[in-house]
Amino acid sequence: MTELIPWRSLLFLPANNQKFIDKAHTRAADGYILDLEDSIPIDHKTKTRANILAAAQVVSKNGADTLVRINAGLRLAIRDLEAVVAPQICAIVIPKVSSAAHIQLIAETIDELEHEKQMPIGYTRLIAQIEHVNAMPKLDEIAASSSRLIAMTMGTEDLSLSIGMEPVTEALIGPCQQLIMACRRANIAPMGFPASIADFSDPAKFQTAAELANKIGFAGAPCVHPLQVSILNQVFMPTELQVKQAKELIQSFQQQYKQGTGATNYGNKMIDLPVVQRAENLLKRVNKQN
(Lines give C-alpha, C1' and ligand atoms only; values in the text may rest on other atoms or scores of the structure.)
Protein backbone atom coordinates (compact mmCIF):
# COMPACT_ATOMS: atom_id res chain seq x y z
CA MET A 1 0.00 0.00 0.00
CA THR A 2 1.38 3.37 -1.01
CA GLU A 3 1.97 5.81 1.84
CA LEU A 4 -1.08 7.93 2.54
CA ILE A 5 -0.31 11.63 2.56
CA PRO A 6 -2.66 14.29 3.93
CA TRP A 7 -1.95 16.90 1.25
CA ARG A 8 -3.73 17.65 -1.99
CA SER A 9 -2.09 21.07 -2.13
CA LEU A 10 1.16 22.41 -0.67
CA LEU A 11 1.60 26.14 -1.18
CA PHE A 12 5.16 27.49 -1.29
CA LEU A 13 5.67 30.68 0.74
CA PRO A 14 8.87 32.75 0.92
CA ALA A 15 9.67 32.39 4.61
CA ASN A 16 10.71 36.04 4.86
CA ASN A 17 7.50 37.51 3.40
CA GLN A 18 5.37 38.38 6.43
CA LYS A 19 2.46 39.53 4.27
CA PHE A 20 2.20 36.12 2.62
CA ILE A 21 2.66 34.34 5.95
CA ASP A 22 -0.08 36.34 7.66
CA LYS A 23 -2.57 35.59 4.85
CA ALA A 24 -1.63 31.95 4.38
CA HIS A 25 -4.32 30.52 6.67
CA THR A 26 -6.98 32.05 4.38
CA ARG A 27 -5.72 30.24 1.28
CA ALA A 28 -7.17 26.81 2.22
CA ALA A 29 -4.09 24.79 1.29
CA ASP A 30 -3.64 21.48 3.10
CA GLY A 31 -0.08 22.48 3.92
CA TYR A 32 2.38 25.34 3.51
CA ILE A 33 6.03 25.01 2.55
CA LEU A 34 8.05 27.80 4.15
CA ASP A 35 10.89 28.27 1.70
CA LEU A 36 14.42 28.88 2.94
CA GLU A 37 16.01 28.13 -0.42
CA ASP A 38 15.63 29.91 -3.77
CA SER A 39 13.21 32.64 -2.69
CA ILE A 40 15.49 33.89 0.11
CA PRO A 41 18.56 36.04 -0.75
CA ILE A 42 21.76 34.77 0.83
CA ASP A 43 22.11 37.76 3.14
CA HIS A 44 18.57 37.23 4.49
CA LYS A 45 18.85 33.54 5.25
CA THR A 46 20.12 33.81 8.83
CA LYS A 47 17.33 36.13 9.95
CA THR A 48 14.68 34.16 8.08
CA ARG A 49 15.86 30.91 9.60
CA ALA A 50 15.66 32.38 13.09
CA ASN A 51 12.01 33.34 12.55
CA ILE A 52 10.86 30.10 10.96
CA LEU A 53 9.09 28.57 13.97
CA ALA A 54 7.15 31.76 14.61
CA ALA A 55 6.07 31.73 10.96
CA ALA A 56 5.02 28.10 11.32
CA GLN A 57 2.69 29.00 14.15
CA VAL A 58 1.00 31.63 12.00
CA VAL A 59 0.46 29.59 8.82
CA SER A 60 -0.90 26.58 10.72
CA LYS A 61 -3.49 28.46 12.79
CA ASN A 62 -6.40 26.92 10.83
CA GLY A 63 -5.03 23.41 11.16
CA ALA A 64 -2.87 23.19 8.05
CA ASP A 65 0.49 21.42 8.19
CA THR A 66 3.75 23.34 8.05
CA LEU A 67 6.70 22.08 6.00
CA VAL A 68 10.04 23.74 5.29
CA ARG A 69 12.21 23.61 2.19
CA ILE A 70 15.82 23.76 3.29
CA ASN A 71 18.81 24.85 1.23
CA ALA A 72 20.63 22.43 -1.05
CA GLY A 73 24.21 23.23 -0.02
CA LEU A 74 25.34 21.16 2.96
CA ARG A 75 26.60 24.03 5.15
CA LEU A 76 23.34 25.95 4.83
CA ALA A 77 21.27 22.77 5.03
CA ILE A 78 22.75 21.80 8.40
CA ARG A 79 22.03 25.25 9.81
CA ASP A 80 18.50 25.02 8.46
CA LEU A 81 17.94 21.62 10.04
CA GLU A 82 19.17 22.79 13.42
CA ALA A 83 16.52 25.52 13.30
CA VAL A 84 13.57 23.68 11.79
CA VAL A 85 13.59 20.21 13.32
CA ALA A 86 10.84 20.92 15.82
CA PRO A 87 7.30 19.75 16.66
CA GLN A 88 5.87 22.67 14.65
CA ILE A 89 7.37 21.30 11.41
CA CYS A 90 5.96 17.99 10.18
CA ALA A 91 8.13 17.53 7.10
CA ILE A 92 11.16 18.90 5.29
CA VAL A 93 11.47 19.31 1.53
CA ILE A 94 14.98 18.54 0.30
CA PRO A 95 15.80 20.34 -2.97
CA LYS A 96 18.12 19.19 -5.74
CA VAL A 97 18.32 15.61 -4.50
CA SER A 98 21.03 13.80 -6.41
CA SER A 99 21.34 10.39 -4.73
CA ALA A 100 20.17 8.09 -1.95
CA ALA A 101 23.22 9.15 0.07
CA HIS A 102 21.95 12.73 -0.05
CA ILE A 103 18.69 11.70 1.66
CA GLN A 104 20.47 9.42 4.13
CA LEU A 105 22.81 12.18 5.27
CA ILE A 106 19.87 14.48 5.95
CA ALA A 107 17.96 11.70 7.72
CA GLU A 108 20.92 10.86 9.97
CA THR A 109 21.28 14.52 10.92
CA ILE A 110 17.59 14.65 11.81
CA ASP A 111 17.99 11.50 13.94
CA GLU A 112 20.58 13.34 16.04
CA LEU A 113 18.53 16.52 16.28
CA GLU A 114 15.33 14.74 17.29
CA HIS A 115 17.26 12.89 19.98
CA GLU A 116 18.83 16.12 21.26
CA LYS A 117 15.46 17.88 21.30
CA GLN A 118 13.70 14.92 22.94
CA MET A 119 11.34 14.49 20.02
CA PRO A 120 9.97 11.10 18.90
CA ILE A 121 12.52 9.57 16.53
CA GLY A 122 10.96 9.52 13.08
CA TYR A 123 8.59 12.44 13.69
CA THR A 124 10.08 14.61 10.93
CA ARG A 125 9.26 13.29 7.48
CA LEU A 126 11.01 14.05 4.19
CA ILE A 127 10.03 14.96 0.63
CA ALA A 128 12.70 14.66 -2.06
CA GLN A 129 12.69 17.20 -4.88
CA ILE A 130 14.18 15.89 -8.14
CA GLU A 131 15.62 18.74 -10.20
CA HIS A 132 18.39 17.42 -12.46
CA VAL A 133 18.69 14.89 -15.26
CA ASN A 134 21.55 13.15 -13.38
CA ALA A 135 19.12 12.11 -10.64
CA MET A 136 16.69 10.39 -13.01
CA PRO A 137 18.56 7.04 -13.27
CA LYS A 138 18.68 6.92 -9.45
CA LEU A 139 14.98 7.41 -8.75
CA ASP A 140 14.46 3.92 -7.31
CA GLU A 141 17.46 4.25 -5.00
CA ILE A 142 16.32 7.66 -3.83
CA ALA A 143 12.73 6.55 -3.29
CA ALA A 144 13.86 3.66 -1.07
CA SER A 145 16.61 5.58 0.74
CA SER A 146 14.97 6.30 4.12
CA SER A 147 11.93 5.38 6.19
CA ARG A 148 11.45 9.12 6.74
CA LEU A 149 10.84 9.69 3.03
CA ILE A 150 7.11 9.87 2.32
CA ALA A 151 7.05 11.52 -1.10
CA MET A 152 9.03 12.67 -4.11
CA THR A 153 8.25 15.60 -6.34
CA MET A 154 9.81 17.11 -9.41
CA GLY A 155 11.24 20.60 -9.86
CA THR A 156 9.99 20.93 -13.41
CA GLU A 157 11.75 24.19 -14.22
CA ASP A 158 15.22 23.08 -13.09
CA LEU A 159 14.83 19.59 -14.50
CA SER A 160 13.80 20.95 -17.88
CA LEU A 161 16.79 23.29 -17.90
CA SER A 162 19.17 20.41 -17.14
CA ILE A 163 17.67 18.33 -19.97
CA GLY A 164 17.62 21.22 -22.43
CA MET A 165 13.87 21.19 -23.02
CA GLU A 166 10.90 23.47 -22.39
CA PRO A 167 8.82 22.77 -19.23
CA VAL A 168 5.73 21.76 -21.21
CA THR A 169 3.47 18.75 -20.73
CA GLU A 170 4.61 16.96 -23.89
CA ALA A 171 8.21 16.99 -22.63
CA LEU A 172 7.52 16.41 -18.92
CA ILE A 173 5.09 13.50 -19.11
CA GLY A 174 7.89 10.95 -19.50
CA PRO A 175 10.03 12.11 -16.56
CA CYS A 176 6.91 12.44 -14.41
CA GLN A 177 5.84 8.88 -15.16
CA GLN A 178 9.32 7.64 -14.24
CA LEU A 179 9.07 9.43 -10.90
CA ILE A 180 5.55 8.11 -10.24
CA MET A 181 6.58 4.51 -10.91
CA ALA A 182 9.66 4.78 -8.67
CA CYS A 183 7.45 6.14 -5.89
CA ARG A 184 4.91 3.36 -6.29
CA ARG A 185 7.63 0.71 -6.22
CA ALA A 186 8.92 2.17 -2.95
CA ASN A 187 5.42 2.70 -1.48
CA ILE A 188 5.83 6.45 -1.14
CA ALA A 189 3.67 9.18 -2.67
CA PRO A 190 4.41 10.95 -5.96
CA MET A 191 3.55 14.66 -5.92
CA GLY A 192 3.47 17.13 -8.78
CA PHE A 193 2.09 17.69 -12.26
CA PRO A 194 3.54 17.61 -15.79
CA ALA A 195 3.75 21.36 -16.37
CA SER A 196 5.63 24.44 -15.26
CA ILE A 197 4.98 25.22 -11.59
CA ALA A 198 5.79 28.88 -12.29
CA ASP A 199 2.97 29.44 -14.80
CA PHE A 200 -0.13 30.51 -12.86
CA SER A 201 -1.52 32.96 -15.44
CA ASP A 202 -4.03 30.53 -16.98
CA PRO A 203 -6.23 28.69 -14.40
CA ALA A 204 -7.93 26.55 -17.07
CA LYS A 205 -4.56 25.37 -18.38
CA PHE A 206 -3.42 24.63 -14.84
CA GLN A 207 -6.58 22.63 -14.13
CA THR A 208 -5.96 20.54 -17.23
CA ALA A 209 -2.43 19.80 -16.00
CA ALA A 210 -3.69 18.93 -12.51
CA GLU A 211 -6.38 16.61 -13.87
CA LEU A 212 -3.78 14.86 -16.02
CA ALA A 213 -1.52 14.56 -12.96
CA ASN A 214 -4.31 12.83 -11.04
CA LYS A 215 -4.99 10.46 -13.94
CA ILE A 216 -1.36 9.37 -14.29
CA GLY A 217 -0.92 8.71 -10.58
CA PHE A 218 0.19 11.81 -8.71
CA ALA A 219 -1.29 12.05 -5.19
CA GLY A 220 -1.14 15.83 -4.74
CA ALA A 221 1.07 18.72 -5.74
CA PRO A 222 3.03 21.74 -4.58
CA CYS A 223 2.11 25.11 -6.04
CA VAL A 224 3.29 28.71 -5.95
CA HIS A 225 0.12 30.79 -6.18
CA PRO A 226 -3.12 30.87 -4.12
CA LEU A 227 -5.22 30.57 -7.31
CA GLN A 228 -3.76 27.11 -7.83
CA VAL A 229 -4.78 25.84 -4.38
CA SER A 230 -8.52 25.42 -4.96
CA ILE A 231 -7.89 23.60 -8.23
CA LEU A 232 -5.54 21.11 -6.58
CA ASN A 233 -7.92 20.61 -3.65
CA GLN A 234 -10.76 19.72 -5.99
CA VAL A 235 -8.73 17.52 -8.32
CA PHE A 236 -6.93 15.57 -5.58
CA MET A 237 -9.86 14.93 -3.23
CA PRO A 238 -9.24 11.50 -1.59
CA THR A 239 -10.99 8.55 -3.16
CA GLU A 240 -13.44 6.26 -1.39
CA LEU A 241 -10.73 3.57 -1.31
CA GLN A 242 -8.25 5.90 0.40
CA VAL A 243 -10.87 6.88 2.97
CA LYS A 244 -11.67 3.20 3.59
CA GLN A 245 -7.97 2.35 4.00
CA ALA A 246 -7.44 5.25 6.42
CA LYS A 247 -10.35 4.13 8.59
CA GLU A 248 -9.17 0.52 8.64
CA LEU A 249 -5.60 1.57 9.41
CA ILE A 250 -6.72 3.66 12.40
CA GLN A 251 -9.00 0.92 13.69
CA SER A 252 -6.20 -1.68 13.44
CA PHE A 253 -3.77 0.57 15.30
CA GLN A 254 -6.28 1.38 18.04
CA GLN A 255 -7.04 -2.28 18.64
CA GLN A 256 -3.34 -3.14 18.98
CA TYR A 257 -2.67 -0.07 21.10
CA LYS A 258 -5.26 -1.19 23.65
CA GLN A 259 -3.29 -4.44 23.93
CA GLY A 260 -0.09 -2.53 24.68
CA THR A 261 1.42 -2.51 21.18
CA GLY A 262 2.67 0.82 19.82
CA ALA A 263 3.00 -0.42 16.25
CA THR A 264 1.03 -2.84 14.11
CA ASN A 265 0.73 -4.05 10.52
CA TYR A 266 -1.74 -3.02 7.84
CA GLY A 267 -1.45 -3.96 4.19
CA ASN A 268 1.92 -5.65 4.76
CA LYS A 269 3.37 -2.44 6.20
CA MET A 270 4.32 -1.42 9.71
CA ILE A 271 1.99 1.23 11.10
CA ASP A 272 3.15 3.53 13.87
CA LEU A 273 1.89 6.82 15.28
CA PRO A 274 3.05 9.19 12.50
CA VAL A 275 1.34 7.02 9.88
CA VAL A 276 -1.84 6.95 11.95
CA GLN A 277 -1.71 10.72 12.31
CA ARG A 278 -1.48 11.14 8.55
CA ALA A 279 -4.50 8.86 8.10
CA GLU A 280 -6.39 10.92 10.68
CA ASN A 281 -5.43 14.08 8.80
CA LEU A 282 -6.77 12.58 5.59
CA LEU A 283 -10.12 11.85 7.24
CA LYS A 284 -10.21 15.32 8.77
CA ARG A 285 -9.62 16.76 5.31
CA VAL A 286 -12.49 14.74 3.87
CA ASN A 287 -14.80 15.72 6.71
CA LYS A 288 -13.87 19.37 6.24
CA GLN A 289 -14.79 19.24 2.57
CA ASN A 290 -18.15 17.49 3.15
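Values below: every heavy atom of this structure, side chains too, minus hydrogens, waters and symmetry copies.
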Taking [X] for the side chain and [Y] for the main chain, is one N or O donor matched with an acceptor at less than 3.5 Å?
{"X": "Ser160", "Y": "Thr156", "answer": "yes"}
{"X": "Ser9", "Y": "Asp30", "answer": "yes"}
{"X": "Lys117", "Y": "Glu82", "answer": "yes"}
{"X": "Lys138", "Y": "Ala100", "answer": "no"}
{"X": "Ser162", "Y": "Val133", "answer": "yes"}
{"X": "Ser145", "Y": "Ile142", "answer": "yes"}
{"X": "Arg69", "Y": "Phe12", "answer": "no"}
{"X": "Asn62", "Y": "Ala28", "answer": "no"}

Side chain proximity check, [X] to [Y], heavy atoms < 4.5 angstrom:
{"X": "Met136", "Y": "Leu139", "answer": "yes"}
{"X": "Leu283", "Y": "Val243", "answer": "yes"}
{"X": "His225", "Y": "Phe206", "answer": "no"}
{"X": "Ile180", "Y": "Phe218", "answer": "yes"}
{"X": "Leu67", "Y": "Trp7", "answer": "yes"}
{"X": "Leu76", "Y": "Arg79", "answer": "yes"}
{"X": "Asp35", "Y": "Pro14", "answer": "no"}
{"X": "Val235", "Y": "Phe193", "answer": "no"}

Quick one: [atom1] on [X] to [atom2] on [Y], what's the gap to the nearest 0.5 Å?
{"X": "Leu113", "Y": "Leu81", "atom1": "CG", "atom2": "CG", "answer": "6.5 Å"}
{"X": "Met191", "Y": "Gln129", "atom1": "CE", "atom2": "CD", "answer": "11.0 Å"}
{"X": "Gln88", "Y": "Gln57", "atom1": "CD", "atom2": "CD", "answer": "5.0 Å"}
{"X": "Gln277", "Y": "Tyr123", "atom1": "CD", "atom2": "OH", "answer": "7.0 Å"}
{"X": "Leu10", "Y": "Thr66", "atom1": "CG", "atom2": "OG1", "answer": "10.5 Å"}
{"X": "Leu212", "Y": "Thr208", "atom1": "CG", "atom2": "OG1", "answer": "9.0 Å"}

Any idea which heavy atoms bring [X] and [Y] closest together, and the distance?
{"X": "Pro194", "Y": "Ile216", "result": "CG-CD1, 4.4 Å"}
{"X": "Ile89", "Y": "Val84", "result": "CG1-O, 3.2 Å"}
{"X": "Ala55", "Y": "Leu34", "result": "CB-CD1, 3.9 Å"}
{"X": "Lys96", "Y": "Ala72", "result": "CD-CB, 3.9 Å"}
{"X": "Ser146", "Y": "Ile103", "result": "CB-CG2, 3.8 Å"}
{"X": "Pro87", "Y": "Met119", "result": "N-CE, 3.8 Å"}

Exercise for the section: May I ask you to check whether over 12 heavy atoms, not counting those of Phe20, lie within 6.0 Å of atom CZ? Expected result: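 For Phe20, atom CZ is not crowded (no more than 12 foreign heavy atoms under 6.0 Å).
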Problem - Lys205, NZ atom: more than 12 neighbouring heavy atoms under 6.0 Å - result: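 No, NZ of Lys205 has 12 or fewer neighbouring heavy atoms, counting only those of other groups under 6.0 Å.
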Practice task
Give me the one residue out of Val93, Ile78, Ile106 that meets side chain to side chain contact (heavy atoms under 4.5 Å, CB included) with Ile70.
Solution key: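 Single side chain to side chain contact (heavy atoms under 4.5 Å, CB included) partner of Ile70 among Val93, Ile78, Ile106: Ile106.
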Handout entry: Stepwise salt bridge (Lys or Arg N to Asp or Glu O under 4.0 Å) check, Lys244 with Glu240
Key = CA-CA 6 Å; Lys244 176 177 178 289; Glu240 292 183 5; over 6 Å; no
Test of understanding: clusters of I, L, V, M, F, W, Y form through side-chain heavy atoms closer than 4.5 Å, transitively. Do [X] and [Y] belong to the same one?
{"X": "Met181", "Y": "Leu149", "result": "no"}
{"X": "Phe200", "Y": "Tyr32", "result": "yes"}
{"X": "Ile231", "Y": "Leu11", "result": "yes"}
{"X": "Val224", "Y": "Phe236", "result": "yes"}

Practice task
Taking atom types as modelled, find out whether Gln104 and Glu108 have a side-chain donor-acceptor pair closer than 3.5 angstrom.
Solution key: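 Checked: Gln104/Glu108 side chains show no N/O donor-acceptor pair below 3.5 Å.
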Exercise for the section: Return the set of residues passing salt bridge (charged side-chain N to carboxylate O under 4.0 Å, His left out) with Asp65 (not counting sequence neighbours), or none when no residue passes. Expected result: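 Partners of Asp65 under the salt bridge (charged side-chain N to carboxylate O under 4.0 Å, His left out) test: none.
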Practice task
Would you sort out whether Val85 and Thr109 count as a side-chain contact (heavy atoms from CB on, under 4.5 Å), showing the intermediate values?
Solution key: CA-CA 10 Å; Val85 172; Thr109 303; over 6 Å; no
Problem - Residues Asp111 and Arg148 bridged, charged N to O under 4.0 Å - result: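 Between Arg148 and Asp111 there is a salt bridge, with a charged N closer than 4.0 Å to a carboxylate O.
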Exercise for the section: Apply side-chain contact (heavy atoms from CB on, under 4.5 Å) to Asn134 and Ser98, showing your working. Expected result: CA-CA 7 Å; Asn134 290 345; Ser98 57; over 6 Å; no
Handout entry: Counterpart residues, side chain to side chain contact (heavy atoms under 4.5 Å, CB included), relative to Pro41 (two or more places apart)
Key =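 Scan of Pro41 (side chain to side chain contact (heavy atoms under 4.5 Å, CB included), adjacent residues dropped) gives Asn16, Asp43, His44.
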